[in-house]
Structure formats: C-alpha cells, structure tokens
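Encoded as structure tokens, the structure appears first; notes follow it.
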Amino acid sequence: MSDSTFYVTTPIYYVNDAPHIGHGYTTVMGDIITRWHRQRGENVWYLTGTDEHGQKVLRKAEENGVSPQDWVDKLVEDEWRPMLATIDVANDDFIRTTEQRHIDGSKAFWTALYERDAVYKGNFEGHYSVSAEEFVSEEDVAEGEGDDEGFKVSKLDGSRVELVAEENYFFRLSDYQQKLLDLYESQPDFIQPESARNEVISFVSRGLRDLSISRSTFDWGIEVPWDDKHVMYVWIEALLNYATAVGYGTDPERFAKVWPADIHLVGKDIARFHAVIWPAMLMAAGEPVPHRVFAHGWLLVGGQKMSKSKANGIRPDELVDTFGSDAYRYYFARALTFGSDGSISWEDINARYHAELANGFGNLASRVAAMIGKYFDGVLPATGAVTVPEQMVIDVVAKAVAEADAAIEAIAPHDALNAIWRIVDELNGYLTEQAPWKVAKDDPDSDRLATILVTAAEGLRVLAVLLNPVMPMSSAALWDSLGAEPSLGALDAQRIDDVATWGQLPAGTTITKPPSLFPRIEAPAE
RNA sequence: GGGGAGGUAGCUCAGCUGGUUAGAGCACGGGACUCAUAAUCCCUCGGUCGCGGGUUCGAGCCCCGCCCUCCCUACCA
C-alpha cells in the first residue's frame, strides 16, 4: 500500500455548464482528502478535468459560430481552470477529453472491449432529446403543446425529442449482472454511502440491458477505432478518463502503478454510471475495478437542490470574494455531512465564519502570539513542568489527531473537522482557566507562565498541520507566525503521524503576531 | 406501482446492534474575565423525538398503518 499511489478522482465537468458551488464542493472535498493523504506522506494523485464531447457541445459551438474545439478551449480556460484556482485546489492533473492521451487511451480501451467480444453492432431506435442528450423512454414522451405543437416532447424536462433510428455498437452490460452483485457483496464499501449502495443493488438486481455506446449522426467525439462512421457515446467515453489520464493505452507502466483508483468521488445523480457501467466495462476490458465510489449528496439552498435552471446556482467566486478560499473550503467540509444532502445559506456561512473561524480559531492564534510577544518579547521560552491541565491538552490533541485521521479514512471530512475543533475549544478553555495574564501579574518569576504559553503554542502548531489540508492559506500564515519553518521545516512536510508528538517547537523560536487569520466581516454582503 | 433516504430543541444537525432525567453547535438570556479579531470561559432557557397503534420490564431507535419531503426505477456530468 505504501509504495502504491493513492488515486482520487472527481467527475470530469461538462464544459457547457457554468461552474457552480456544486462542482466546487466535490472538488474541494477531494482536495481536502488528497492533501490529508499527502500530509501522511503517501504518494497521491488527484485528478479532475473536463468532459468536452457530445452533441450538445457541438450545437452550442455552432450557435456561437466557432469550431467545437475553439469553443471548449475557451470554456476551459475562462471558466474551469480559474475555478480551481479560486478555491485553491491542488490537483495533480487535469484531463480534457479532447486531449490526445484521452483519445488514444479511449480507442485502446474500445479495442480491448472489441477483442474480448464485449461489443457488438445492433439497432437502436428511440426518441432522442438533444438538449438532454439522451434517449427518452417511450413512457416519457408526450405530444407537445403550444410552441411545441406538432412535436414530441420529453415529459422529463419538456425538451423536444426526435425519433432516431441508428445502427449502434452495444456493450454487453447484461453479462455483468451477477458479477456486479458479487462485487458489491465481496467489496461492501465499493459504493458508498449505504443509501447509494442500496439503490445500486436494487437497480442491478432487476436486471441489466445491453447499452448503446456509439453514435453515428454527428462526429464531435472520438472515433470508434474499427469503424470511422461511429463516435463513442459521450457518457461512456467520459468514464474512460479515469483510466486514460493515468496512462491506459499510452503508458502501461504508469497505468499499472496508479490504477485502480482508490476513490471516485461523484454526485449521487451519477452514482449508477460509476458503480454499474464503469466497473462492468473494466471487467470486460480485463482491468481491476476501483476500490471505492463515493456518492455525495446535494447542496440544498432554501430546501431546494441547487441548480442552474432554478437560478439558485451560486458561483464559487461569489463566496470566495467575501469569505476567502479557506473559509469556503472549511464551510463545505464542516457544515455538511459528506454523503448526505445538506442545507447551505449565506447566513450560515457568515455565522460559521465568525463563530468558528474568526472568534474560535483566528482569535486563538492571535491571543497566544500576542501574549508571547508581550511577556517574552516574541521569543518562545523553555517550558516548565507539565502539570495536569497541560496533560489534558496533550491528551485531547492526541485523541483528536487519531479521530481526524480515521475520519478522513472513512471519507468523512466533517467528522475530521469536528475532531480538530475540539483542540481549538480545549485551548481556548485552557487559556481561560490558566489565565496566563494573571500569572504574569501575580507570579511572574515562576515557570508557569512559560509552560502555559508553550503549551498553547504547541497546540497551534498541531492545528496548523491538521488544518493545512483544509485551509492551506491561513495554515501557512499560522506556521509562519509560529516561526516553525526554520526548526521544523516546511508545513507541507509535517506528518500526521508525528504531529501529536509534544514539544516540537524549540525554545528560542521567534513568534510573531500574525495579521488576523480571519478578520471579522462587519457588513456581510446581501 | 416497486425501491431508497429523511421527518429529533427557533435554525443546522448527532443519536451505534432498544436501557437510567434525549445531545451538540449556533441563536436567545444571565454571569465571569481582559491576553485576544467586543474576542474567550461558565451557566440558564428551550424538544408530545411527523401521527396513530403494537411488541417489550423498557423504544427516538423494533413491528403495523397513515401523513409529509427528497431521490432511484437505464443510457439526465
């Protein structure tokens, strides 16, 4: 395990969409998990990217009078890459499905399917909705009214559908029902959380039909290697990115090292594609299946699923502009149970920003640095004897570290933050009880004052390390304030395994009061 | 129709295989303190655990029925 690569993916985002906090959510959570694993000293590979083929993109490009390639290039550079920068994501790779490596890899994958007889040519006929880019089943097709008079429309979204009959290639998904059920049985955490697993098992248990996986009515896609009249159906092709990005079909050595993925993070709407079709395709191609598919819930704004069409989509940069990327990352990780639906609101992020980040954590860093500055001229003194209250702090820290680490392992960043925050609360309480300002006045010659402040500084050191995966900016500022780098090295080089070891900051370390980590925002924007 | 998840303090949520007076955070009210970003610490207030039955010595957790919300039920990134 230690010499393999911890490989995590997000869905690749459809370029036509405008980035909203839903995209940001998945990506940030993956970033927190992967940064944490790096902080453990593991080899990590974090992939995200964009899905750029398909009829919808083609038509959009035509509407805008540009070539599809120019269209997607623009969207990627103007919208998607900037979003990653906005929310401070440290992905190792960014794959675009229009890249040569993906094209070559996808063709290689299809060739493998073909050679293994997992694909055959058949006829497919049905009502196709261009805007939804899907075939609509018969029971969901209705006669149009009003503007759509004379057309058939989809009951699902009201879009017009066209009767399409074409020769397609099919994937023998029906062969995999039992194999998939066996997978869910033998690898119980393959699809998480439990609710997603139940739905997937129920779906597969009802039987699987073969899947139409190519299109021949347009050409904005990857050619089927043995038949240039067909392009791969965008959904099927998009799934392949997880393999092609790490060398499938182009760099076998690299692929063997990184694959299978440890975690595919997905929204629960696309859990089925990842937990049913994707593993079946991998089995068909003779490749190992991923370890885990984790389906997270919806972000609810005012009780409704956030989405572009409901006009309650929020762009990540709106929040980041006010609260900063650290608070953004913190909020989504802390306020929501990853895997369940959860409510978000401007009021809530504002409240948590002030209560937890500014008053709780930021102020703690501030008061400790201020006292070391005031009583010791900013030079960390040598500690005196550790007494019962100090030991309690040490114990709380050790327990919190272990719990946070276990929570990340369980893909529960919210629990990790809850555990970490017990350190914040413990330190604030410890300072109030020990009242170093009082000791400074009443008993300035004892070593109690030094002991108390060293203990608090050590606590901050731990927090800087533990929070680095979640809030890299402020953690770096805190690390800097603690003057830790000269003696302990870079923040990123600190290891979770060692972080709870007490007494790492040496006496003589220069502590400076940091600028407010999370300054209060007096007039929250509407 | 079938299946999944949920309905717990004003708000957002915890409550594992049923066990004494149902918890947390925030908000509200009171007090302490002054190192700090008027921050911190302590305490109070606050719930018929959707509704109605049942099983049990005992149920928020189990069973039955009902109401409400959301999701899945194949090619919706």
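In what follows, every chain begins at residue 1, and chains take the letters A, B, ... in the order their sequences are listed.
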Can you check the [X] [atom1] to [N] [atom2] distance for me, whole Å?
X	N	atom1	atom2	value
A:L417	B:U12	CG	C1'	16 Å
A:F171	B:C75	CZ	P	17 Å
A:R96	B:A77	CZ	C1'	16 Å
A:M83	B:A77	CE	C1'	13 Å
A:I236	B:A74	CD1	P	16 Å
A:R352	B:A24	CZ	C1'	11 Å
A:H414	B:U12	NE2	P	18 Å
A:H296	B:C71	NE2	C1'	14 Å

The correct set of residues in residues 270-277 of chain A placing a heavy atom under 4.0 Å from RNA chain B is A:I270, A:R272, A:H274

Distance check, [atom1] atoms only: [N] and [M], in whole angstrom units.
N	M	atom1	answer
B:G4	B:C42	C1'	45 Å
B:A9	B:C51	P	10 Å
B:U40	B:C16	C1'	34 Å
B:U69	B:G58	P	35 Å
B:A59	B:G53	C1'	14 Å
B:U55	B:C64	P	15 Å
B:C49	B:A22	P	11 Å
B:C61	B:G25	C1'	23 Å

Can any side-chain N or O of [X] pair as donor or acceptor with the backbone N or O of [Y] at less than 3.5 Å?
X	Y	value
A:E166	A:N123	no
A:S475	A:L467	yes
A:Q434	A:L431	no
A:D415	A:A412	no

Among B:A77, B:C13, B:A74, which nucleotide has an atom closest to any side-chain atom of A:L208? B:A74

Starting from the C-alpha separation in whole Å, work towards a yes-or-no answer on salt bridge (charged side-chain N to carboxylate O under 4.0 Å, His left out) for A:K268 and A:D341. CA-CA 10 Å; A:K268 67 181 183 182; A:D341 293 355; 3.0 Å; yes

Over 60° means perpendicular and under 30° means parallel, so classify the ring planes of A:H23 and A:Y13, tilted if in between. perpendicular

Hey, what's the ring geometry for A:H230 with A:Y169, parallel, tilted or perpendicular (30° and 60° as the breaks)? perpendicular

Just checking [X]: base, sugar-phosphate only, or nothing, at a heavy-atom cut-off of under 4.0 Å?
X	value
A:L449	nothing
A:G267	nothing
A:G207	base

Assert: residue with more 5' nearest nucleotide on RNA chain B, out of A:K268 and A:D51, is A:K268

Start at the 5' end of RNA chain B and walk down; is the nucleotide closest to A:R209 or to A:W437 reached first? A:W437

Are [X] and [Y], when compared by the centres of their aromatic rings, separated by less than 6.0 Å?
X	Y	value
A:W421	A:Y330	yes
A:Y328	A:F323	no
A:H414	A:F338	no
A:W298	A:Y25	no

Go through RNA chain B and write down every stem, that is, every run of at least three consecutive Watson-Crick or G-U wobble pairs with distances under 3.5 Å, as range with range. B:1-7 with B:67-73, B:10-13 with B:23-26, B:29-32 with B:40-43, B:50-54 with B:62-66

Under 4.0 angstrom between A:T337 side-chain N/O and B:A14 OP1 or OP2: yes

Produce a footprint string for nucleotides 3-8 of chain B: one letter per nucleotide, 5' end first; B if the base is under 4.0 Å from any protein heavy atom, S if only the sugar-phosphate is, - if neither. BBS---

Which letter, B, S or -, goes with each nucleotide of nucleotides 36-44 of chain B from 5' to 3', with contact meaning a protein heavy atom under 4.0 Å? BB-SSS---

We want to know whether A:E52 and A:T98 form a side-chain donor-acceptor pair, criterion being a heavy-atom distance below 3.5 angstrom. yes

When you check the gap from the basic side-chain N to the acidic O, do A:E458 and A:R461 get nearer than 4.0 Å? yes

Sequence neighbours left out, cut at 3.5 Å: what donor-acceptor pairs do the side chains of residues 270-280 of chain A make with other protein atoms?
unit_1	atom_1	unit_2	atom_2	d
A:H274	ND1	A:I270	O	2.9
A:H274	NE2	A:Y242	OH	2.7
A:W278	NE1	A:H264	NE2	3.1

Taking the side chain as everything from C-beta on, heavy atoms only, tell me whether A:F171 gets closer than 4.5 Å to A:M281. yes

Give the table of side-chain donor-acceptor pairs shorter than 3.5 Å for residues 197-207 of chain A, with sequence neighbours excluded, one pair per line with atom names and distance.
unit_1	atom_1	unit_2	atom_2	d
A:R197	NE	A:P188	O	3.1
A:R197	NH2	A:Y184	O	2.7
A:N198	ND2	A:E194	O	3.4
A:S202	OG	A:R206	NH2	2.7
A:S205	OG	A:I201	O	2.6
A:R206	NE	A:S202	O	3.4

Face-to-face contact A:W235 to B:A77 six-ring, under 5.5 Å, under 30°: yes

